[in-house]
Asker: 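My structure is below; once you've seen it, I'll send some questions.
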Amino acid sequence: MRGSSLATRLFFSATAWLVVILAVTGFILSSVYRDATERAFDRRLNLYLRTLIAEVATPDEPPDRQFQSLGEPLFELPLSGWYWQITRTDTEKAETRASRSLWDKKLPRLEENGAELTPAGIRLGYVDGPEGQNLRVVDAAIMPDCIRANTNVTTMMIGERIADFIRQGR
């Protein structure tokens with residue numbers, strides 16, 4: 001085959017088109033997979049969030065009471081990258097409960113990092129985790145200061161609201 005023959009040009013043209021089509025297809029499939037994975041992860045976070053809020057909903061619980069298992073063993077494994085932390089500020093002394101995976105560390109609050117408060121009253125952003133991981137964080141004061149009735153309905157409403165924020169990716 002000569003360098004300028006029709007067969008050579010067709011071969012290189014077909015090869016170039018094949019590379020372009022494979023690259024575009026790979027990008028599209030990667031985007032679809034990433035979106036599906038994020039949606040599944042957000043549904044999972046929604047379940048964990050509801051469970052944690054239900055655990056905190058009873059104000060008369062002793063602070064040393066252990067939380068029920070969330071069904072994810074990584075919340076129990078020290079420094080696994082799966083963390084939760086709740087700071088209760090409606091008592092005389094701020095009380096913090098956290099997953100065992102945090103070990104003896106604490107997660108920084110977004111307020112301390114200068115994150116802006118959204119119109120919905122929450123802060124969203126990223127912080128460095130205990131092992132230097134980049135963690136997605138939702139930071140919010142979720143309980144009104146003066147509730148004069150049973151807190152269960154308020155807690156369920158708050159859980160739904162935060163779950164909607166997580167689903168929407170705000």
Side-chain angles (χ1 to χ4, degrees), residues 26-27 29-147 151-152 154-170:
F27 177 76
L29 287 175
S30 173
S31 297
V32 168
Y33 178 74
R34 184 182 61 244
D35 291 344
T37 303
E38 284 179 1
R39 280 193 308 273
F41 184 68
D42 286 345
R43 282 193 302 270
R44 194 171 182 185
L45 285 179
N46 184 19
L47 174 67
Y48 297 144
L49 176 67
R50 289 173 190 229
T51 304
L52 288 171
I53 289 175
E55 287 283 332
V56 175
T58 311
D60 299 328
E61 293 287 331
D64 58 344
R65 184 178 145 283
Q66 291 295 320
F67 274 61
Q68 75 177 22
S69 172
L70 294 176
E72 175 59 63
L74 291 174
F75 284 123
E76 305 295 323
L77 185 65
L79 305 174
S80 66
W82 284 69
Y83 313 113
W84 60 262
Q85 175 178 298
I86 297 174
T87 303
R88 189 171 190 148
T89 58
D90 63 342
T91 57
E92 290 179 19
K93 183 181 176 207
E95 165 192 334
T96 299
R97 295 184 186 181
S99 62
R100 288 185 183 157
S101 58
L102 269 173
W103 200 245
D104 61 347
K105 306 209 185 307
K106 291 197 182 245
L107 294 174
R109 295 189 58 196
L110 289 175
E111 185 176 30
E112 297 165 358
N113 292 347
E116 294 288 322
L117 195 63
T118 66
I122 64 170
R123 288 179 175 84
L124 294 168
Y126 293 89
V127 298
D128 289 331
E131 294 290 295
Q133 315 98 315
N134 195 25
L135 301 176
R136 180 178 171 188
V137 175
V138 177
D139 190 351
I142 60 170
M143 191 63 91
D145 288 334
C146 56
I147 294 181
T151 59
N152 289 341
T154 307
T155 303
M156 290 167 50
M157 176 195 67
I158 291 166
E160 289 292 330
R161 182 172 169 214
I162 292 177
D164 288 341
F165 287 128
I166 289 173
R167 268 194 295 264
Q168 295 169 2
R170 289 198 257 169

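The structure displayed is predicted, hence computed values, not measured ones.
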Asker: Looking at every non-hydrogen atom in both residues, tell me the closest pair between Pro130 and Leu102 and how far apart they are.
Answerer: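 Pro130 and Leu102 have their closest heavy atoms at CG-CD2, 3.6 Å.
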
Asker: Main chain of Leu107, side chain of Gln85: is a donor-acceptor contact present, judged purely on distance under 3.5 Å?
Answerer: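 Side chain of Gln85 to backbone of Leu107: a pair is present.
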
Asker: Grab the two heavy atoms, one from Phe75 and one from Trp84, that are nearest each other, plus how far apart they are.
Answerer: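 The pair with the smallest heavy-atom distance is CD2-CD1, 3.6 Å.
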
Asker: Identify the two heavy atoms, one from Tyr83 and one from Ser99, that lie closest to each other, and give their separation to 0.1 Å.
Answerer: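 It is CA-OG, 3.5 Å.
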
Asker: Taking side chain to side chain contact (heavy atoms under 4.5 Å, CB included) as the definition, give me every residue that meets it alongside Ser31, ordered by chain and number, with sequence neighbours left out.
Answerer: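 Scan of Ser31 (side chain to side chain contact (heavy atoms under 4.5 Å, CB included), adjacent residues dropped) gives Phe27, Arg34.
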
Asker: Taking only residues two or more places apart in sequence, or in another chain, which ones meet Leu74 in a side chain to side chain contact (heavy atoms under 4.5 Å, CB included)?
Answerer: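 Residues passing side chain to side chain contact (heavy atoms under 4.5 Å, CB included) with Leu74: Glu72, Leu77, Ser80, Trp82.
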
